[in-house]
Participant: 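Sharing a structure here in structure tokens format.
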Amino acid sequence: MGLFAALAALPDAAHASQLIARNTSTERLTVSNGGKAVVSYHAQGRAQRVLAWGAINARLPSRTRRQVEFRVDYSGGWGSHGRAVWRSHRNGCGRYRGPPLPFRVAACTARDGSHWALQRWQRSQANFGIAPWKPGHGAWELRLSHWRGDVPRLEVWLDWSYAGRWHHLFGRLTYRGHGIHGYSSTPNGEPTDSHGRVISVDTLDSPYGSGWRRENGFLARRPDGTFCYVFVPHRAPNGELRPPGVGKRYRVSTNGPGVTPDVSWEAPALHDFRRGNAEDDAYEARMNALQQELTRSSKPCHS
């Protein structure tokens with residue numbers, strides 16, 4: 001295997017808990033006392049051992065500095081060290097002592113107090129509950145993270161919008177008290193820098209069918225990391241008009257900045273707005289005030 005092929009990583013348009021592989025099994029994580037991780041797994045019928053090192057935590061959003069990322073050697077050490085490092089790799093990472101993590105496959109805490117984790121989830125899916133229509137939809141992504149201290153904070157609130165006609169959610173993504181966001185994206189809302197983050201919303205037992213289905217994805221906004229979303233009918237890429245994806249529960253997930261872990265929020269859906277109900281009116285007024293406070297530095301959400 002050539003040096004370039006050995007060190008090549010998977011697409012990395014928005015560096016986060018770093019994407020290592022897709023549709024894996026038998027995942028295992030070991031970390032040496034020197035801070036090098038070996039990620040072992042099976043994919044496409046083959047055993048793979050990947051060496052990763054050289055990154056921790058995240059940088060705050062910047063127009064001039066790229067986000068931190070691992071160096072990754074898919075040859076297990078041959079490309080970067082001229083030998084199979086994984087064969088002599090000794091694990092020095094102990095029992096995990098960090099915060100609870102969604103999508104956790106493996107995690108450990110190193111002697112220096114930093115944490116390592118593997119998470120596996122279906123980050124890329126077709127929106128509005130439709131069948132996969134492009135490569136990568138529905139793939140189970142295996143992602144590696146390394147951090148010390150706080151993990152990203154994902155806050156989400158539910159309410160209604162347009163005088164109670166539609167269900168609505170809003171929130172913010174922060175890291176160490178700062179909003180997480182990017183500076184450029186495609187017309188379809190895909191980040192084109194290393195700082196942008198897509199917020200993914202899943203809905204349970206909705207008009208799309210039973211189980212969890214992807215409702216939509218959208219960017220955390222500059223400069224405060226806020227976001228908002230209204231559950232309304234949408235036109236799918238195939239031209240079909242899809243109903244609002246109001247479900248029994250919602251799950252909101254995203255990649256952490258840099259090589260911090262991915263985070264997720266989940267809660268029951270609200271009931272339909274009851275016009276003239278004092279409790280609903282008071283709750284909606286509180287949520288509207290909170291939205292205005294959160295988005296005072298960015299574009300307000302529709303209340």
Side-chain angles (χ1 to χ4, degrees), residues 1-59 66-98 101-124 135-148 151 194 255-262:
M1 180 180 290
L3 177 61
F4 179 81
L7 292 175
L10 292 169
D12 58 358
H15 298 301
S17 60
Q18 200 153 324
L19 174 61
I20 299 298
R22 295 182 175 91
N23 299 325
T24 60
S25 61
T26 65
E27 301 89 353
R28 185 167 178 259
L29 171 66
T30 58
V31 183
S32 70
N33 288 332
K36 288 185 170 64
V38 171
V39 180
S40 306
Y41 58 88
H42 282 79
Q44 298 181 332
R46 295 180 53 192
Q48 188 77 42
R49 298 170 183 88
V50 178
L51 187 66
W53 72 100
I56 189 170
N57 292 336
R59 293 189 177 113
R66 287 179 61 81
Q67 191 54 272
V68 301
E69 60 184 308
F70 291 117
R71 295 186 64 186
V72 180
D73 183 349
Y74 281 85
S75 70
W78 281 106
S80 55
H81 295 72
R83 59 186 176 87
V85 173
W86 68 270
R87 290 188 181 277
S88 57
H89 189 265
R90 290 177 179 244
N91 184 44
C93 205
R95 180 179 60 84
Y96 179 64
R97 302 192 301 274
L101 298 176
F103 318 126
R104 173 177 157 182
V105 172
C108 64
T109 299
R111 290 185 179 180
D112 65 2
S114 67
H115 309 293
W116 294 78
L118 285 175
Q119 293 167 285
R120 185 175 180 268
W121 62 292
Q122 292 173 294
R123 184 189 61 85
S124 177
H137 276 171
W140 288 88
E141 295 186 355
L142 184 66
R143 310 188 69 93
L144 177 66
S145 55
H146 181 209
W147 76 100
R148 182 185 289 110
V151 298
S194 62
N255 302 129
V259 294
T260 61
D262 299 347

Participant: Given 3.5 Å as the limit, does a donor-acceptor pair link the side chain of H89 with the main chain of K36, or not?
Facilitator: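 Indeed, once roles are kept as given, a pair shorter than 3.5 Å links the two residues.
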Participant: Taking atom OG of S124 and atom CD of E141, what is their separation to the nearest 0.5 Å?
Facilitator: 6.5 Å
Participant: Does Q119 reach the main-chain N or O of P102 with its side chain, forming a donor-acceptor pair under 3.5 Å?
Facilitator: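 Yes, Q119 side chain to P102 backbone: donor-acceptor pair under 3.5 Å.
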Participant: Any donor-acceptor pair under 3.5 Å linking the side chain of N255 with the backbone of D262?
Facilitator: no
Participant: To the nearest 0.5 angstrom, please state how far the OG atom of S194 sits from the CD atom of E69.
Facilitator: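 So the gap between those two atoms works out to 8.0 Å.
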Participant: Check whether any side-chain heavy atom of T30 sits under 4.5 Å from a side-chain heavy atom of V38, and report yes or no.
Facilitator: yes
Participant: Of all the heavy-atom pairs spanning A58 and V68, show the shortest one and how long it is.
Facilitator: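 In terms of heavy atoms, the two residues are closest at CA-CG2, 3.9 Å.
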Participant: To the nearest 0.5 Å, what is the distance between OG on S25 and CZ on R120?
Facilitator: 7.5 Å
Participant: Mind checking the CZ-CG spacing from R71 to L51? Nearest 0.5 Å is all I need.
Facilitator: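 R71 atom CZ to L51 atom CG measures 9.5 Å (nearest 0.5 Å).
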Participant: Rounded to the nearest 0.5 Å, what's the gap from NE2 on H81 to CH2 on W86? Could you check?
Facilitator: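 Answer for the NE2-CH2 pair, H81 versus W86, is 15.5 Å.
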Participant: Looking at N33 and G92, what are the two nearest heavy atoms and their distance?
Facilitator: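 Nearest pair, atom of N33 first, then G92: OD1-CA, 3.3 Å.
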Participant: What distance do R97 atom CZ and C108 atom SG have between them, rounded to the nearest 0.5 Å?
Facilitator: 10.0 Å
Participant: Mind checking whether I20 and Y41 have side chains closer than 4.5 Å, heavy atoms only?
Facilitator: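 A side-chain contact under 4.5 Å exists here.
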Participant: A117 and L101: which non-hydrogen atoms are nearest, and at how many Å?
Facilitator: CB-CD1, 3.6 Å
Participant: Counting distance only, does the side-chain N/O of Q67 pair as donor-acceptor with the main-chain N or O of R59 below 3.5 Å?
Facilitator: yes
Participant: Among N57, D112, T109, which one satisfies side-chain hydrogen bond (donor to acceptor under 3.5 Å, both in side chains) with R148?
Facilitator: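 So the option named by the test is D112.
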Participant: Using modelled atom types only, decide if a donor and an acceptor are shared between the side chain of Q18 and the backbone of F70 within a distance under 3.5 Å.
Facilitator: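 Indeed, once roles are kept as given, a pair shorter than 3.5 Å links the two residues.
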Participant: Are the side chains of S40 and R49 in contact, using a 4.5 Å heavy-atom criterion?
Facilitator: yes
Participant: Would you say the side chain of V259 lies within less than 4.5 Å of the side chain of L144, judging by non-hydrogen atoms?
Facilitator: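 Side chain of L144 against side chain of V259, heavy atoms only: no contact under 4.5 Å found.
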Participant: Taking all non-hydrogen atoms of both residues into account, name the closest pair between R83 and S88 and its distance.
Facilitator: NH1-OG, 3.5 Å
Participant: Minimum heavy-atom separation for W116 to C93, with atom names?
Facilitator: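 Nearest pair, atom of W116 first, then C93: CD1-SG, 4.2 Å.
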Participant: Is any side-chain heavy atom of L142 less than 4.5 Å from a side-chain heavy atom of W140?
Facilitator: no
Participant: Would you check if the side chain of R143 reaches a backbone N or O of S17 as a donor-acceptor pair within less than 3.5 Å?
Facilitator: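 Such a contact is found between R143 side chain and S17 backbone.
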Participant: Decide yes or no for D73 and W53: does some side-chain heavy atom of the first lie under 4.5 Å from some side-chain heavy atom of the second?
Facilitator: yes
Participant: Which atoms form the tightest heavy-atom contact between N23 and A139, and what is the distance?
Facilitator: OD1-CA, 3.6 Å
